[in-house]
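Hydrogens, waters and symmetry mates are skipped; everything else that's a heavy atom, side chains included, is used. For clarity, every value in this text was computed on a predicted model and none was experimentally measured.
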There are 2 protein chains.
Amino acid sequence: MTDVNNTQTVSQFPCDNCLRSGRCLGSVVVKAGADHQRASEVTVVQLQRGQPLFRTGDAANAVYVVQSGALKARRTSYEGDEEILAFRLPGDAIGLDALGQRMQNTEAVALCSTRVCRVPLEALHRELRSSPEVSEMLFDDVGREFERLHEHLQTERRPAQARIAAFLLAQLKRRQRLFGAQIDRFTLPMTRVDLGRYLALATETVSRMFTRLQQDGVISCDGNAVQVLKATALEAMAGAGAEERAPALAKAA
Amino acid sequence: MTDVNNTQTVSQFPCDNCLRSGRCLGSVVVKAGADHQRASEVTVVQLQRGQPLFRTGDAANAVYVVQSGALKARRTSYEGDEEILAFRLPGDAIGLDALGQRMQNTEAVALCSTRVCRVPLEALHRELRSSPEVSEMLFDDVGREFERLHEHLQTERRPAQARIAAFLLAQLKRRQRLFGAQIDRFTLPMTRVDLGRYLALATETVSRMFTRLQQDGVISCDGNAVQVLKATALEAMAGAGAEERAPALAKAA
DNA sequence: CGTAATTTTGATGGTCATCAATGTAAGTGG
DNA sequence: CCACTTACATTGATGACCATCAAAATTACG
């Protein structure tokens with residue numbers, strides 16, 4: 001089955017094969033519906049890299065949950081270039097910002113091969129009234145997203161190096177939670193350009209910061225494959241400002 | 001009656017004397033409760049200038065709606081100084097970002113004498129299931145707040161002058177909606193310091209921008225009383241970048 | 001294997017934070 | 001009511017951080 005956007009609807013049983021099953025908005029809605037003998041209207045959408053889940057102006061008639069893969073939430077700035085509001089990883093909800101709006105104000109684009117759960121607003125509204133678990137999960141997601149935006153605002157007010165450090169740390173922790181293990185390496189699904197557009201930095205600055213982090217032995221990376229060597233150093237950089245960055249050339253004169 | 005925070009609970013009939021009655025989350029919850037013969041748990045809180053509605057770490061057991069006055073939503077940065085996430089005017093919801101969280105991550109402080117409607121989360125959850133109007137109003141508020149944050153992120157990526165222009169325009173439109181009239185003058189409830197902490201600008205920069213706007217005849221202001229003389233010029237500045245700011249000294253060499 | 005996209009590195013300049021000082025308003029207590 | 005304190009606002013001088021421009025190097029891909 002193929003819809004307008006040329007995306008693929010995959011399965012009637014959205015939670016089959018999904019690792020997030022039971023811990024996401026989609027599955028809670030599915031369960032609430034099943035408890036009342038209602039057929040699930042939740043479907044799975046498969047996207048290829050670069051393919052949009054929805055575009056600005058599309059009718060906002062569903063929210064989504066990432067099953068696997070990654071997406072970026074984008075928006076077009078006054079100057080006409082892309083601004084990235086968020087990267088979405090498995091478990092993340094998409095489209096909560098369109099609650100109460102008629103149209104999407106943002107665009108969601110897959111960064112790689114990606115599976116997404118589609119929860120129609122109609123179903124969400126209905127099951128919201130039928131089961132308190134739904135509203136709890138929804139509130140959780142909404143609260144988390146607000147919290148993330150607030151953190152992001154703070155991050156953007158800090159020097160470039162701190163922004164990158166904070167971003168890498170967030171990614172690291174996110175993966176650790178996702179896999180439930182103490183990993184120290186991962187592959188970034190986004191390009192340096194995307195990263196710049198997310199952190200409000202020029203691509204060149206992003207690149208320079210990566211270079212510096214490697215020189216300082218804080219990370220090691222090959223392309224988008226990153227290994228965190230000194231997590232504590234990253235935390236220090238993310239927390240501290242520029243003041244205590246390079247004690248090296250301090251008194252070199 | 002006085003609670004822990006030394007705030008005052010005013011009336012058993014929260015919507016009496018409130019101009020937002022019927023058009024806010026609070027009144028919808030009150031109505032939904034009344035329709036089911038439930039006593040309203042919605043109360044009105046009176047705050048003086050500088051007084052907090054809640055603090056970081058407080059139990060997040062209610063959301064609020066501004067009846068009159070103004071507040072700022074603040075947070076403490078890594079460096080320990082204040083960061084302002086939002087200013088709240090009559091009709092605005094407060095504390096939506098704490099949905100799904102146990103504690104408040106932000107602090108809400110009155111900028112002047114202010115009345116706020118307090119809606120316990122318990123009541124919200126209950127009426128959410130009893131009446132679709134509640135969820136619709138809640139979704140509206142949530143969506144609007146996301147939208148505002150997204151706009152704010154964009155604004156912070158623009159030059160200082162554009163940020164101030166965008167802010168003034170937003171204030172202007174907000175007041176016009178509030179009063180339902182084409183006003184061109186209003187009094188800002190916040191100081192230049194607050195403004196800087198909201199727009200991520202040094203106080204000095206804020207001041208300089210106000211000075212420049214007056215010199216250019218775009219606004220006229222006496223302290224916090226602002227009159228917008230050329231709204232279109234403001235829009236141009238808010239939209240455009242720094243490139244086309246001063247056509248004056250362009251070819252003066 | 002050639003074209004395009006992305007990444008990296010260097011040089012330069014602009015915007016705005018910072019430091020410093022003065023001016024103004026607001027509030028306090030004698 | 002007036003000195004005094006404290007907060008807020010304005011204006012100027014200086015420099016840091018990072019965007020921008022330019023170009024080379026690497027990677028991706030048809």
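- Atom pair B:N224:CG and D:dA7:C1' shows a separation of 13 Å (rounding to whole Å applied).
- Across all strands shown, B:A160 has heavy atoms under 4.0 Å from sugar-phosphate atoms exclusively, and none from any base.
- Counting only heavy atoms from C-beta on, A:L201 has its side chain closest to D:dA19 among C:dT9, D:dA19, D:dA9.
- Applying the salt bridge (charged side-chain N to carboxylate O under 4.0 Å, His left out) rule to B:R177 yields no partners; only residues at least two apart in sequence or on another chain are considered.
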Output side-chain donor-acceptor pairs under 3.5 Å for residues 162-174 of chain B, partner residues at least two apart or in another chain, one line each.
unit_1	atom_1	unit_2	atom_2	d
B:R163	NE	B:R158	O	2.8
B:R163	NH1	B:L199	O	2.8
B:R163	NH1	B:A200	O	3.0
B:R163	NH2	B:R158	O	3.3
B:Q171	OE1	B:R175	NH2	3.0
B:R174	NH2	B:P90	O	3.1
B:R174	NH2	B:D92	OD1	2.5
B:R174	NH2	B:D92	OD2	3.2

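- Look at A:T211 and you'll find a side-chain N or O under 4.0 angstrom from OP1 or OP2 of C:dT9.
- Between the CD atom of B:Q215 and the C1' atom of D:dT11 there is a distance of 11 Å, given to the nearest Å.
- Ion pairing between B:D194 and B:R197 fails under the 4.0 Å rule for side-chain N and carboxylate O.
- Straight-line distance from the CZ atom of A:R208 to the P atom of C:dT9: 9 Å, rounded to whole Å.
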Inset, instruction - List the protein contact pattern of nucleotides 22-30 of chain D with one symbol per nucleotide (5' to 3'): B for base contact, S for sugar-phosphate-only contact, - for none; contact means a heavy-atom distance under 4.0 Å. - result: ---------
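- A salt bridge is absent between B:R144 and B:E147; no separation between the charged side-chain nitrogens and carboxylate oxygens falls under 4.0 Å.
- The phosphate of C:dA17 has OP1 or OP2 within less than 4.0 Å of a side-chain N or O from B:T205.
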